[in-house]
Amino acid sequence: QVQLVESGGGLVQAGGSLRLSCAASGSIFSRNAMGWFRQAPGKEREFVGGVAWGGDNTYYADSVKGRFTISRDSAKNTVYLQMNSLKPEDTAEYYCAARRGYSGNHVYTRTYEYDYWGQGTQVTVSS
């Protein structure tokens with residue numbers, strides 16, 4: 001049984017920071033490819049950033065590049081999304097996702113490319 005549990009969301013003023021966590025359990029190992037997505041009301045779920053298998057390669061959506069950073073604590077089997085300089089347009093439900101097994105050095109950006117999903121954590125940025 002694979003579980004992904006996000007935490008760390010909340011309400012923050014524009015310009016502030018939050019760090020989201022995604023704790024993985026079950027058969028997801030510390031080297032699996034992981035991704036962060038977000039979904040605002042009435043919009044499709046969109047890619048935010050991801051890390052390839054092994055953790056050496058990361059990639060971000062243009063909208064968050066330079067503001068958001070993904071990191072990984074293999075000992076805790078946890079992936080983080082550090083979000084700085086938050087904007088009201090970053091308001092959304094944030095989801096982490098994981099791919100099953102070995103997947104090379106590619107960062108996957110499509111929702112259908114991921115096998116497991118967390119329940120989401122809400123991020124609200126006030127202006």
Side-chain angles (χ1 to χ4, degrees):
Q1 182 90 14
V2 173
Q3 266 198 316
L4 300 176
V5 180
E6 301 101 332
S7 61
L11 174 63
V12 64
Q13 287 189 329
S17 298
L18 281 174
R19 189 179 78 158
L20 305 184
S21 300
C22 174
S25 62
S27 61
I28 292 296
F29 299 103
S30 60
R31 298 176 71 83
N32 285 63
M34 305 285 289
W36 284 98
F37 291 76
R38 66 187 181 187
Q39 188 167 18
K43 295 189 176 181
E44 291 189 355
R45 192 169 297 189
E46 64 174 2
F47 172 77
V48 173
V51 56
W53 191 92
D56 289 338
N57 190 24
T58 56
Y59 179 76
Y60 301 91
D62 287 343
S63 58
V64 306
K65 204 169 290 182
R67 300 188 297 123
F68 290 12
T69 304
I70 292 173
S71 61
R72 164 175 246 163
D73 185 334
S74 297
K76 295 182 178 179
N77 217 8
T78 299
V79 174
Y80 303 98
L81 180 67
Q82 177 67 44
M83 306 185 296
N84 298 329
S85 303
L86 282 161
K87 305 175 182 179
E89 51 264 43
D90 294 318
T91 295
E93 188 84 6
Y94 282 71
Y95 299 88
C96 71
R99 273 183 66 92
R100 185 187 299 123
Y102 174 73
S103 56
N105 199 37
H106 182 71
V107 178
Y108 295 87
T109 64
R110 311 286 174 81
T111 56
Y112 63 81
E113 293 174 318
Y114 288 87
D115 301 296
Y116 307 104
W117 291 84
Q119 84 289 349
T121 186
Q122 178 67 35
V123 171
T124 303
V125 184
S126 63
S127 56

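For this chain, numbers begin at 1 and follow the sequence in order.
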- Stepwise side chain to side chain contact (heavy atoms under 4.5 Å, CB included) test for Trp117 and Arg45: CA-CA 12 Å; Trp117 291 84; Arg45 192 169 297 189; 3.4 Å; yes

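- The salt bridge (Lys or Arg N to Asp or Glu O under 4.0 Å) contacts involving residues 107-127 comprise Arg100-Asp115, where partners must be two or more places apart or lie in separate chains.
- Between the side chain of Tyr108 and the backbone N or O of Ser103 there is at least one donor-acceptor pair closer than 3.5 Å.
- The closest donor-acceptor contact from the side chain of Gln13 to the backbone of Ser126 lies at 3.5 Å or more, if one exists at all.
- Listed by first and then second residue, the salt bridge (Lys or Arg N to Asp or Glu O under 4.0 Å) pairs involving residues 60-69 are Asp62-Lys65, Arg67-Asp90 (not counting sequence neighbours).
- The distance from atom CD of Gln3 to atom CD of Gln119, rounded to the nearest 0.5 Å, is 9.0 Å.
- Hydrophobic cluster membership differs between Phe37 and Met34, with clusters built from Ile, Leu, Val, Met, Phe, Trp and Tyr side chains linked at under 4.5 angstrom.
- A donor-acceptor pair under 3.5 Å links the side-chain atoms of Asn57 to the main chain of Asn105, judged by distance alone.
- Checked options Val48, Ile70, Thr109; the residue passing with Tyr60 is Ile70 (criterion: side chain to side chain contact (heavy atoms under 4.5 Å, CB included)).
- Within the 4.5 Å cutoff, the side chain of Arg38 has heavy atoms near those of the Val64 side chain.
- For Glu6 (side chain) and Thr121 (main-chain N/O), no donor-acceptor pair under 3.5 Å exists by modelled atom type.
- Met83 and Phe47 fall into different hydrophobic clusters, where Ile, Leu, Val, Met, Phe, Trp and Tyr residues are linked whenever their side-chain heavy atoms come under 4.5 Å apart, directly or through other members.
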- Test log, rule side chain to side chain contact (heavy atoms under 4.5 Å, CB included), inputs Arg72 and Val79: CA-CA 4 Å; Arg72 164 175 246 163; Val79 174; 4.0 Å; yes

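- Within the 4.5 Å cutoff, the side chain of Thr91 has heavy atoms near those of the Gln122 side chain.
- Side-chain contact check for Leu4 versus Tyr95: every heavy-atom pair is 4.5 Å or farther apart.
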Tabulate below the donor-acceptor pairs under 3.5 Å that side-chain atoms of residues 16-24 make, not counting sequence neighbours, or state none.
| unit_1 | atom_1 | unit_2 | atom_2 | d |
| --- | --- | --- | --- | --- |
| Ser17 | OG | Asn84 | OD1 | 2.9 |

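- A tilted orientation is assigned to the rings of Tyr94 and Phe68, their planes being inclined by 30° to 60°.
- Closest approach of Ala14 and Ser127 over heavy atoms only: CB-CA, 4.4 Å.
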